[in-house]
Amino acid sequence: MLPIYLFRQEKERVIEGLRKKNFKDLDLVEKIISVDEQRRQVQVESDTLAATINTASKKIGQLMAQGQKAEADLHKAEVSQSKEKAKEQVQRLNELEAELNDLIVRLPNLPHASVPVGKTPEENEIVRSGGQRPDLSAQKKAHWDLAAQYELIDFELGNKITGSGFPVYTGRGARLQRALISYFLDYNTQAGYKEFYPPYMVNETTAYGTGQLPDKEGQMYHVAADGFYLIPTAEVPVTNVYRDVIIAEADLPVKMTAYSPCFRREAGSYGKDVRGLNRVHQFDKVEIVQLVHPEQSYAVLEQMVLHVEQLLQSLGLEYRILRLCGGDMSFTSALTYDFEVYSAAQERWLEVSSVSNFENFQTNRMKIRFRDGSGKTQLVHSLNGSSLALPRIMACLLENHQTPGGIKIPAALQPYFGADAIA
RNA sequence: GGUGAGGUGGGUGAGUGGCCGAAACCAACAGUUUGCUAAACUGUCGUACGUUUAACCGCGUACCGCGGGUUCGAAUCCCGCCCUCACCGCCA
């Protein structure tokens with residue numbers, strides 16, 4: 001959520017940013033400013049009254065100690081009266097604070113200056129592309145056909161055991177999953193990311209911290225009996241590692257990576273583009289997260305993009321990098337780069353990674369701070385990205401590296417997979 | 001699931017109604033001393049909101065797991081909840 005000082009000091013910038021993000025309800029900004037003013041006014045009154053009660057109470061204590069009971073009783077009566085009023089004010093203050101919070105939480109993050117203006121995915125900006133489009137003139141099968149042919153993934157079995165969107169990987173398909181996870185994690189730890197193996201269920205506070213709650217409640221699986229949520233991405237538990245922590249400036253940047261399965265209900269997205277591995281309810285992903293000094297976050301974002309790009313290159317896949325336009329960005333992001341890989345058999349681009357700078361939008365909520373040179377606490381900036389999401393990578397590996405004689409495995413993966421082809 | 005113990009500042013831990021935002025020790029930071037390091041000594045050392053300010057300082061308020069209650073006054077007493085630890089039971 002946006003820090004309140006932005007509204008007081010940079011109202012115009014807030015409005016301009018919201019507009020770029022295609023946010024409609026701009027009246028909220030004025031409402032927030034007005035509620036904030038009320039809140040401060042009430043706090044001044046409330047604090048003043050509390051101060052007089054506190055001094056009076058101390059006075060009573062002294063009088064009692066001196067045995068001046070009658071005098072003390074006089075003050076007691078006074079305090080009793082003020083107390084009721086004080087209670088009302090505290091209640092009013094709490095109401096205003098809650099109202100303010102409810103309002104601010106509804107506003108998305110402000111986009112960075114480099115974010116293109118636009119409303120739809122068509123208006124995203126292609127930053128660059130790379131890799132080679134394969135020649136599939138000899139054979140061009142979609143990944144679900146290849147998966148069936150080599151018995152790598154059993155979608156029907158997933159239906160039987162759980163339901164649609166829960167594929168079962170078998171044999172060399174399962175092995176390839178494991179190989180990808182290990183490869184990605186090793187690649188990240190070699191770049192200095194500390195590996196985490198987080199819980200796959202989180203409590204409400206944690207889900208709130210990264211912004212899944214209160215809005216995206218319907219997107220997560222909920223374990224009602226215990227009040228837990230299945231994580232939609234490792235970003236949720238991993239970023240929350242530092243919730244309520246003041247990090248020493250010398251310890252920045254904090255670099256973390258984690259593999260986890262991701263659970264997404266994908267409510268409302270049935271029917272379209274869901275064939276095979278294109279969209280599933282449970283999938284695997286390796287995530288990278290960084291907590292950095294505010295002045296460094298955009299340089300770090302570029303580093304992370306390069307990091308993911310090189311990983312993609314090592315898999316021999318054709319890719320392109322998009323800078324998302326204001327209307328297509330996520331609620332929490334200030335700048336997002338999407339990575340898409342070309343699915344040669346389906347002849348379409350599939351998103352396999354999304355790398356974002358959230359600035360202090362997440363850390364404001366989670367109170368992740370550092371102490372700067374002058375001893376003051378400041379919010380750090382948080383960033384994250386996928387490196388990478390497995391199902392679509394798997395789909396593109398199968399499709400793009402297929403030959404009539406089998407599926408070639410990229411050299412970087414071979415040590416993990418234990419063979420150079422699936423034949 | 002059962003029984004018991006407990007949640008206090010970065011850590012250990014004292015504090016059973018006012019002199020407590022909180023002792024002491026450790027850690028950390030700054031300085032003195034020192035050929036360097038270490039040791040010793042001195043000092044600083046929670047967070048948030050508000051107020052004021054160019055900014056600091058200062059001042060006010062709140063916070064001793066969370067939420068209520070009693071009282072003029074609560075870390076301290078009462079009630080509810082959450083969590084942690086130990087042991088037993090069950091189990092991978």
Side-chain angles (χ1 to χ4, degrees), chain A residues 1-10 32-105 197 199-209 213 223-229 237 240-252 254 291 360 362-380:
Chain A
M1 79 193 204
L2 295 170
I4 186 70
Y5 63 77
L6 278 181
F7 297 87
R8 291 184 209 152
Q9 296 168 7
E10 300 182 81
I32 285 165
I33 291 170
S34 132
V35 173
D36 178 50
E37 269 166 20
Q38 286 179 61
R39 189 201 108 241
R40 281 184 290 163
Q41 196 189 324
V42 172
Q43 184 176 343
V44 169
E45 290 168 17
S46 170
D47 282 0
T48 310
L49 191 56
T52 64
I53 291 174
N54 285 344
T55 44
S57 293
K58 268 191 188 134
K59 179 89 180 161
I60 290 167
Q62 286 165 8
L63 291 169
M64 298 287 272
Q66 293 164 15
Q68 303 181 36
K69 194 165 177 309
E71 183 105 357
D73 283 343
L74 222 70
H75 285 285
K76 278 191 196 180
E78 260 174 54
V79 174
S80 296
Q81 278 191 332
S82 311
K83 238 187 93 178
E84 265 181 54
K85 200 171 162 198
K87 216 171 179 175
E88 279 170 31
Q89 277 176 335
V90 168
Q91 200 187 334
R92 176 86 183 116
L93 190 60
N94 288 339
E95 283 168 11
L96 285 168
E97 273 169 4
E99 189 183 344
L100 189 60
N101 191 61
D102 287 347
L103 292 173
I104 293 183
V105 157
Y197 190 103
Y200 300 151
M201 289 188 220
V202 295
N203 59 33
E204 234 175 78
T205 312
T206 299
Y208 181 83
L213 294 181
V223 182
D226 299 283
F228 296 150
Y229 292 89
N240 271 278
V241 165
Y242 282 89
R243 169 156 47 87
D244 294 322
V245 172
I246 298 174
I247 304 169
E249 190 171 3
D251 291 339
L252 296 177
V254 172
L291 303 172
N360 61 20
Q362 289 185 324
T363 56
N364 185 36
R365 226 185 244 212
M366 282 185 276
K367 300 286 170 280
I368 304 180
R369 293 162 291 176
F370 74 101
R371 206 178 296 282
D372 66 20
S374 67
K376 278 181 70 175
T377 60
Q378 252 190 75
L379 296 168
V380 303

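By convention in this document, chain letters (A, B, ...) are assigned in the order of the sequence lines, proteins followed by strands, and residues within each chain are numbered from 1. Basis for what follows: all heavy atoms, side chains included, without hydrogens, waters or symmetry-related copies.
- Here the C1' atom of nucleotide B:rC49 and the CD atom of A:Q38 are 17 Å apart, to the nearest Å.
- Nucleotides B:rU33 and B:rC49 place their P atoms 40 Å apart, quoted to the nearest Å.
- Residues A:T205 and A:Y208 form no side-chain contact, since every pair of their non-hydrogen atoms from C-beta on lies 4.5 Å or further apart.
- When the nucleotides B:rG18, B:rA62, B:rG60 are ranked by their closest atom to the side chain of A:S57, B:rG18 comes out on top.
- Using a 4.0 Å cut-off, some side-chain N or O of A:R8 falls inside it from OP1 or OP2 of B:rG50.
- Comparing A:T48 and A:I4 by the nucleotide of RNA chain B that holds the closest heavy atom to each, the one mapping nearer the 5' end is A:I4.
- Within the 4.0 Å cut-off from OP1 or OP2 of B:rG50, not a single side-chain nitrogen or oxygen of A:S46 is found.
- A:N360 and A:Y5 get closest at one heavy-atom pair: ND2-OH, 3.6 Å.
- The side chain of A:I246 approaches B:rU47 more closely than any other nucleotide in the set B:rU47, B:rC19, B:rC49.
- Using a 4.0 Å heavy-atom distance criterion, A:A56 is classed as making no nucleic acid contact.
- Under the Watson-Crick or G-U wobble criterion, with both distances below 3.5 Å, B:rA86 is paired with B:rU3.
- If you measure from atom CZ of A:R39 to atom C1' of B:rA62, you get 13 Å, rounded to the nearest angstrom.
- When rounded to the nearest whole Å, the span between CG of A:L96 and P of B:rG50 equals 13 Å.
- Comparing B:rC72, B:rU47, B:rC19 against the side chain of A:V79 picks out B:rC72 as the nearest.
- Here the closest non-hydrogen pair linking A:I104 and A:L2 is CG2-O, 3.5 Å.
- Checked against B:rU61, B:rU51, B:rC56, the side chain of A:D47 finds its nearest nucleotide in B:rU61.
- With hydrogens and angles left out, the side-chain atoms of A:T206 and A:R243 include a donor and acceptor closer than 3.5 Å.
- The shortest distance between the side-chain N/O atoms of A:R371 and the OP1/OP2 oxygens of B:rC29 is not below 4.0 Å.
- Taking NE2 of A:H75 as the start and CD1 of A:I60 as the end, the distance is 7.0 Å to the nearest 0.5 Å.
- Between A:Q89 atom CD and A:K87 atom NZ the span is 13.5 Å, to the nearest 0.5 Å.
- Nearest-nucleotide positions on RNA chain B place A:V44 closer to the 5' end than the other of A:A50 and A:V44.
- Annotation: B:rG46 and B:rA23 have their P atoms spaced 10 Å apart (nearest Å).
- Atom CD1 in A:I60 sits roughly 19 Å away from atom P in B:rG17 (whole-Å rounding).
- Listed candidates were B:rU47, B:rU61, B:rG18. Nearest to the side chain of A:M64 is B:rG18.
- In the set B:rC72, B:rC49, B:rU47, the nucleotide with an atom closest to the side chain of A:Q43 is B:rC49.
- Taking 4.0 angstrom as the limit, A:N54 places none of its side-chain polar atoms (N or O) nearer than this to OP1 or OP2 of B:rG60.
- Here A:I32 contributes atom CD1 and A:D102 contributes atom CG; the two are 10.5 Å apart, rounded to the nearest 0.5 Å.
- Under the Watson-Crick or G-U wobble criterion, with both distances below 3.5 Å, B:rG31 is paired with B:rC41.
- Going from atom CD1 of A:I53 over to atom CD of A:E78 covers 11.0 Å, rounded to the nearest 0.5 Å.
- Counting non-hydrogen atoms under 4.0 angstrom, A:K69 reaches nothing in the nucleic acid.
- In this structure, CD of A:E37 is placed 16 Å from C1' of B:rC49, rounded to the nearest angstrom.
- Rounded to the nearest Å, the gap between the P atom of B:rC81 and that of B:rU3 is 14 Å.
- B:rU52 and B:rG60: their C1' atoms are spaced 11 Å apart (whole Å).
- For the C1' atom pair drawn from B:rG89 and B:rC26, the interatomic distance equals 41 Å after rounding to whole Å.
- Under the Watson-Crick or G-U wobble criterion, with both distances below 3.5 Å, B:rA24 is paired with B:rU12.
- Residue contacts shown for A:D73 are absent, as no nucleic acid heavy atom lies under 4.0 Å away.
- For the pair A:Q89 CD and B:rG50 C1', the computed distance is 14 Å after rounding to whole Å.
- Across every strand in view, B:rC59 sits in a pair with B:rG50 that passes the Watson-Crick or G-U test at under 3.5 angstrom.
- Within the shown strands, nothing qualifies as a pairing partner of B:rU70 under the Watson-Crick or G-U definition with both distances less than 3.5 Å.
- In this structure, A:K376 atom NZ and B:rC49 atom P are separated by 10 Å, rounded to whole Å.
- Under the 3.5 Å distance criterion, the side-chain polar atoms of A:T363 are matched with a main-chain donor or acceptor of A:V380.
- B:rC19 is unpaired under the Watson-Crick or G-U wobble criterion, no partner having all donor-acceptor distances under 3.5 Å.
- Between B:rU47 and A:R369, no contact under 4.0 Å exists linking OP1 or OP2 to a side-chain N or O.
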Scan nucleotides 75-80 of chain B nucleotide by nucleotide, 5' to 3', and note B when protein non-hydrogen atoms come under 4.0 Å of the base, S if they reach only the sugar-phosphate, - if neither.
-> ------
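- Distances were taken from every side-chain heavy atom of A:K76 (C-beta onward) to each of B:rC72, B:rG60, B:rA62; the shortest belongs to B:rC72.
- Here the separation of B:rU70 from B:rC88, taken at their C1' atoms, is 38 Å to the nearest Å.
- For A:K367 and B:rC63, the NZ to P distance is 19 Å, given to the nearest whole Å.
- Using a 4.0 Å heavy-atom distance criterion, A:K83 is classed as a base contact.
- Distance check on atom C1': B:rU76 versus B:rA92 gives 44 Å, rounded to whole Å.
- A salt bridge does not link A:E88 to A:K85: none of the charged side-chain nitrogens sits closer than 4.0 Å to a carboxylate oxygen.
- Checking A:Q38, A:Q43, A:E45 one by one against A:Q41, the side-chain contact (heavy atoms from CB on, under 4.5 Å) holds for a single residue, A:E45.
- Here the separation of B:rG67 from B:rC56, taken at their C1' atoms, is 38 Å to the nearest Å.
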